[in-house]
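Ligands are counted one by one from 1 in listed order, and the atoms in each one are counted from 1 as well. Along the sequence shown, the residues carry numbers beginning at 1.
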Amino acid sequence: MSTPSPTRELSNVLIRPMQEADLVEARRIFRVAFGTFIGLPEPETFAADREYICTRWHAHPEAALVAEVEGRVAGSNFATNWGSFGFFGPLTVRPDLWNQHIAQKLLGPTMELFEKWGVREAGLFTFAQSPKHIGLYQKFGFWPRFLTALMSKEVSRDKVSPISYSTLKGHEAGQVLGACRELTGSIYDGLDVTWDIQMVKDQNLGETVLLWGGDALEAFAVCHGGEGSEAGKNNCYIKFAAVRPGPGVSDRFEHLMTACEALTAERGWQRLQAGVNLGRSEAYRQLLRRGYRAEFQGVAMHKPDSPAYNRPDTFVLDDWR
Ligand SMILES: CC(C)(COP(=O)(O)OP(=O)(O)OC[C@H]1O[C@@H](n2cnc3c(N)ncnc32)[C@H](O)[C@@H]1OP(=O)(O)O)[C@@H](O)C(=O)NCCC(=O)NCCS
């Protein structure tokens, strides 16, 4: 068992909005910080085929913060605005500056962003085995609840033709965003992930799959795919998916997964990945029955200490990374 490292306070830390000129160093620190924490022999190779920093900054620069020490980037954090719900990450600090309160200095203004946006509840995904991570976030009112698993499966092609958001134009696209908002709002009042649907479309990071039943949107999945997205090489990754609650929800979830697997195969990717909080026990068990296996697990921390939409009967896929 390791003993906690002593914490020293740095006085000259400036927290400010991230600028374009920070991106290269912020991205380097992101890779080195995670690579160092998980013990990679070459830390800077962490998630080399995946992009979290530039894409998020380009989509929502107002939600990206940088810590600067002596004129150099020392760390960064990103907040996500999903309407009444918010989460943050990746939060990273240059390893030679760990345990000097830089993360805490980034987290204060991150909480202010949530307040400004009026989020009702907030969350994050972190290393369940790390007393440091859990202790750090508890200071800001986040409490550990259920594990979240990143599940995945190799796919084969199925005969399904989902309607894709990227093919829609102007007025129609606007209506679809409204339908997505209405669906997520029926699961958790005010939940709105159009922030991510737009980002995937604008930067061509993947596709949003839509399943209709007559005029009603029954389910949708915002997917990243391939290198340079959050999925990585040969992968399709469901950043967020939701299925309309009520009778037949489990069949709708099956259809959605079939459609996402078809998208994965059609685009020539091999694995489909999706995060599920284990508090959403029905969706989790259905993924297991479909042959999905956990690649890794972390813990979801909630502010306040209540389930938000991580309930047994919610068919939602996401992992708050
Ligand atoms: C996690 C990370 C961002 C923290 O940054 P940091 O600048 O070192 O963190 P800080 O110095 O601000 O905070 C350290 C806090 O951790 C907590 N902590 C550390 N060890 C602890 C322990 N054993 N038990 C409880 N709390 C502990 C304390 O609250 C401590 O602050 P304190 O000394 O004032 O009480 C940084 O280590 C990092 O970049 N890690 C790799 C990437 C990563 O894991 N990112 C987060 C993913 S969710």
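In this structure, Tyr137 has its ring center under 6.0 Å from that of Phe88.
For ligand 1, the polar-atom distance check against Ala33 finds no nitrogen or oxygen pair separated by under 3.5 Å. Of the polar atoms of Thr92, none of the N or O atoms is found under 3.5 Å from an N or O of ligand 1, judged by distance alone. Between Leu97 and ligand 1, not a single N/O pair is under 3.5 Å apart.
Taking each of Tyr137, Phe88, Phe127 in turn, the one with a heavy atom nearest to atom 46 (C) of ligand 1 proves to be Tyr137. Between atom 39 (O) of ligand 1 and the options Ile29, Ile38, Val93, the minimum heavy-atom separation is to Val93. Atom 31 (O) of ligand 1 has its nearest heavy-atom neighbour, among Arg321, Lys105, Gln104, Arg94, in Gln104. Here the shortest heavy-atom distance to atom 4 (C) of ligand 1, taken over Lys132, His101, Met301, belongs to Lys132. Nearest residue to atom 1 (C) of ligand 1 from His133, Arg31, Gln138 is His133 (criterion: closest heavy atom).
Listed for the Lys303 side chain is a donor-acceptor partner under 3.5 Å among the backbone atoms of Phe140.
Taking the charged nitrogens against the carboxylate oxygens, Arg56 and Glu230 do have a contact shorter than 4.0 Å, which makes a salt bridge. Using a 4.0 Å cut-off between a side-chain N of Lys or Arg and a carboxylate O of Asp or Glu, Glu172 and Lys169 do not qualify as a salt bridge. Salt bridge Glu154/Arg293: absent, no basic N to carboxylate O contact under 4.0 Å. In summary, Glu295 and Arg271 engage in a salt bridge, as defined by a charged side-chain N under 4.0 Å from a carboxylate O.
Only side-chain heavy atoms of Lys139 come within less than 4.0 Å of ligand 1; its backbone N, CA, C and O stay farther off.
Using a 4.0 Å heavy-atom cutoff, Phe125 is listed among the residues neighbouring ligand 1.
Below 30°, between 30° and 60°, or above 60°: for Phe34 and Phe46 the angle between ring planes is below 30°, a parallel geometry.
With ligand atoms numbered from 1 in the order given, ligand 1 contributes 7 (O), 12 (O) to contacts under 4.0 Å with heavy atoms of Ile102. Distances below 4.0 Å separate heavy atoms of Gln100 from the following atoms of ligand 1: 11 (O).
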Go through it in stages, so that I can follow the logic: the residues are Glu261 and Lys153, the test is salt bridge (charged side-chain N to carboxylate O under 4.0 Å, His left out), and I'd like the CA-CA distance, side-chain angles, deciding distance and then a yes or no.
CA-CA 9 Å; Glu261 289 167 15; Lys153 182 175 121 171; 3.5 Å; yes
